[in-house]
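What you see is a predicted model, and the numbers here were worked out from it, not measured in a lab.
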Amino acid sequence: MTTPNNTVDVTSLGNLAQILPYLLGHYPDDSICLHAPGPNFHDGPTMTYPLPETTAEWQTEAKTAVRRFVAYAQDQGHNPDQGVIIYLCREPRPDQTPWDTAAILAPLATWLTDELSDHRAHVLQTIGLVANRWWAYECNIDGCCEGEPLPSPNDPTSVTAQMTRLGRTPGPRTRDIIKQFQATEPDSDFLKHLQAASARFNTQCATQAGRDATLMTTCDQIDTAMSQFRGGATTLDRDLTTQLIVGLQDDGAVEAGMSHAEDDDLPHARHLWAYLARHCAEPFTHEAVPALTLFAFVAWRQSDLIAARLALRDAITTAPDYDPAIGIHLGTIEGEDPREILASAREGHTQRMARLQHDTQVASEYHPTNTNAALYREALEVATANHRSHICTEDGQLLTRHNTIDIIGGALTDFRNGRPQLMPEVAARIILGLQDRQTRDAALSTGTENDLPYERQLWGYLARHCVPPHTDKAPPLLTLFAWVLWRQGDTTSATQALTDALHITPSYTLAGLLLDGIRTECDPAPILAMFREEAALDTP
């Protein structure tokens, strides 16, 4: 084996066995390793493939491993018919001797050899590595090449001695690498808090506005955690830990986490994501996927492809369709520059934060607050009783409809004249009146372009009055508010308001129709003309 500045002699099967962790940069526990030597031995394609615990799966996995390796080798411009070395790595289980384990591996060696032959690949050697001993399965002499200890470092011809003279050390074992991010023994008290945090997260994210607010909080928490780790912290308090784990389930939070992969931040980010992943014990292993993905990205940035791929293996095994992990995995395979992905993540995060700040500002125009909530609630309860008595007849419904339109007109005049405030009982009458479809449609069809800012103020103002338990009265106000936003060209915020309306009343037809119109990029002008025509027909 030669490298640009040195030469290592591999003159025996023992040396061939001993060179694996130097060849790969790590020792692959419980794995198949396939290597096609290049002109300098080490510079050919190499692939490791995890070996399942269940031996019944091995024959199928052998076919998959060979198929992937042959495709990979050919992509690298290497023809496997020039020769392939198979390494089989497995440690004895508690009830096994090294010889027992080597015997269990023997059929796998045969399956791999047969499968490689089917792909016109020539097997040079099949080496079993078990408990610091090696087996050469191509050797047919009984007792030969079976269970020999790896060459002693004291032997000057051993690979270890040669590498030591060159200042090189063997790569770590897989099991030691994965300890960085592998879930630790579950803490039942912590898992209870994690479950509670997950439930809160799901509740908060039930609406688009809730998701946006939660994402902004998570981004702030990532900044806080990173600041603590930069300052030398190695742990986080329980609340911050659980909130970060559940908050990272949002891809926007993962993008924010990726933006913390500048050179100076890499060690701290790596420790943070590993710390979070270790806290995701059963039954929360799925929650570890974002943290594992971020750990892998940071490791990739550090040129530690071994750790990156091991973390990605766990992430993708747990969540095969998780796009961020798949994207990073493909990037490591295709030789992309992680700095380009970092730049893209930072740009995306900046744009997302700007949008979220805008959306949060818009949502604050119509979200109820605790301010004056009791006053609004009382006004709605009193008005509801009166409203019911007025709409019990057809004439009463018609009169209420006209009165509501008149009150809306007066309210808009007040808002236009700089008096954006109504008496609670007046606001309650308008809210109740707009529960009628024809009244709502008439309100939607009125107003010129110059009136849109005042309509926006009015509908948002009234929506803020729909405090619990009267939130079910908000959809008409949210729909009218969204209609104004759409006409103003803010389709993103209009979508958010309509989504909130449908969350309250999933069957609210007009909100659904307007949302479809926005998504299909319709022009709101013909819709406005249609509503104005219908309103004119309804006018006595």
Side-chain angles (χ1 to χ4, degrees), residues 181 190-191 193-231 233 235-262 265-266 268-280 284-298 311 315 318-319 322-325 327-328 341-342 344-364 367 492 496 499-500 503:
F181 53 77
F190 176 84
L191 293 181
H193 281 83
L194 182 55
Q195 185 173 19
S198 180
R200 287 194 301 273
F201 176 81
N202 291 333
T203 300
Q204 292 163 354
C205 293
T207 66
Q208 183 62 50
R211 284 193 294 274
D212 289 348
T214 301
L215 176 56
M216 293 187 72
T217 299
T218 303
C219 291
D220 289 340
Q221 290 169 336
I222 291 172
D223 291 341
T224 297
M226 281 297 302
S227 178
Q228 292 182 19
F229 272 67
R230 284 191 205 103
T235 63
L236 301 173
D237 68 61
R238 184 176 60 197
D239 288 343
L240 182 55
T241 301
T242 56
Q243 289 166 19
L244 278 173
I245 289 171
V246 298
L248 285 171
Q249 306 311 304
D250 188 318
D251 286 353
V254 174
E255 183 180 65
M258 288 176 66
S259 69
H260 287 287
E262 296 290 358
D265 267 342
L266 292 175
H268 316 300
R270 180 168 179 148
H271 291 152
L272 172 60
W273 309 132
Y275 175 81
L276 295 178
R278 289 197 303 272
H279 279 74
C280 297
F284 293 98
T285 51
H286 196 278
E287 278 73 4
V289 171
L292 289 171
T293 302
L294 288 167
F295 175 92
F297 181 65
V298 170
T318 304
Y322 188 65
D323 288 338
I328 293 173
I341 298 178
L342 170 61
S344 177
R346 291 179 70 86
E347 181 180 357
H349 176 59
T350 299
Q351 293 175 352
R352 189 188 297 269
M353 286 299 101
R355 180 186 65 77
L356 285 179
Q357 289 170 0
H358 169 74
D359 290 352
T360 300
Q361 178 60 41
V362 171
S364 70
H367 276 175
T492 301
Q496 176 179 316
T499 302
D500 286 349
H503 174 72

### Task
Start with the C-alpha gap between R200 and V246, add the side-chain angles, then the distance that decides, and say whether side-chain contact (heavy atoms from CB on, under 4.5 Å) holds.
CA-CA 9 Å; R200 287 194 301 273; V246 298; over 6 Å; no

### Residues R211, D250; criterion salt bridge (Lys or Arg N to Asp or Glu O under 4.0 Å); working and verdict
CA-CA 9 Å; R211 284 193 294 274; D250 188 318; over 6 Å; no

### Message
Is there a side-chain contact (heavy atoms from CB on, under 4.5 Å) between Q221 and T217? Walk through the geometry before answering.
### Response
CA-CA 6 Å; Q221 290 169 336; T217 299; 3.7 Å; yes

### Query
Can T293 and L248 be said to form a side-chain contact (heavy atoms from CB on, under 4.5 Å), step by step?
CA-CA 11 Å; T293 302; L248 285 171; over 6 Å; no

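Heavy-atom minimum distance, L292 versus A277: CD2-CB, 4.0 Å. A pairwise comparison of heavy atoms in A315 and V289 identifies O-CG2, 3.8 Å as the closest pair. Scanning all heavy atoms of the two residues, the minimum distance from L236 to L276 falls at CD1-CD2, 4.4 Å. Among all heavy-atom pairs drawn from R270 and F295, the shortest one is CG-CE1, 3.5 Å. The two residues A261 and L342 have their closest heavy-atom pair at O-CD2, 3.4 Å. Nearest heavy atom pair, residue F201 against residue G247, reads CE1-CA, 3.9 Å.
Counting only heavy atoms from C-beta outward, the side chains of H358 and V362 approach each other to under 4.5 Å. Residues L194 and H279 fail the side-chain proximity criterion, which asks for heavy atoms closer than 4.5 Å. Contact check for H268 versus Q228: no side-chain heavy atoms found under the 4.5 Å cut-off. Counting only heavy atoms from C-beta outward, the side chains of Y322 and D251 approach each other to under 4.5 Å. Side-chain contact check for L191 versus Q195: every heavy-atom pair is 4.5 Å or farther apart. Inter-residue side-chain proximity for V254 and Q249 is flagged as unmet; no heavy-atom pair is nearer than 4.5 Å.
Looking at H260 and D223, their side chains do bring a donor and an acceptor atom within 3.5 Å of each other. Using modelled atom types and a 3.5 Å distance limit, the side chains of R238 and H193 yield a donor-acceptor pair.
Distance CD1/I245 to OH/Y275: 8.5 Å, rounded to 0.5 Å. Put simply, OG1 on T218 and CD on Q243 are 8.0 Å apart, with the number rounded to the nearest 0.5 Å. Here the CG-CG distance, from L272 to L294, works out to 8.5 Å after rounding to the nearest 0.5 Å. With rounding to the nearest 0.5 angstrom, the OG1 atom of T214 is 10.0 Å from the CG atom of N202. The CZ atom of R278 lies 10.5 Å from the OG1 atom of T241; values are rounded to the nearest 0.5 Å. Here T350 contributes atom OG1 and E347 contributes atom CD; the two are 8.0 Å apart, rounded to the nearest 0.5 Å.
When the options R346, R352, Q351 are evaluated for a side chain to side chain donor-acceptor pair (under 3.5 Å) with E255, the one that passes is R352.
Atom CD of E262 is surrounded by more than 12 heavy atoms from other residues, nucleotides or ligands within 6.0 Å.
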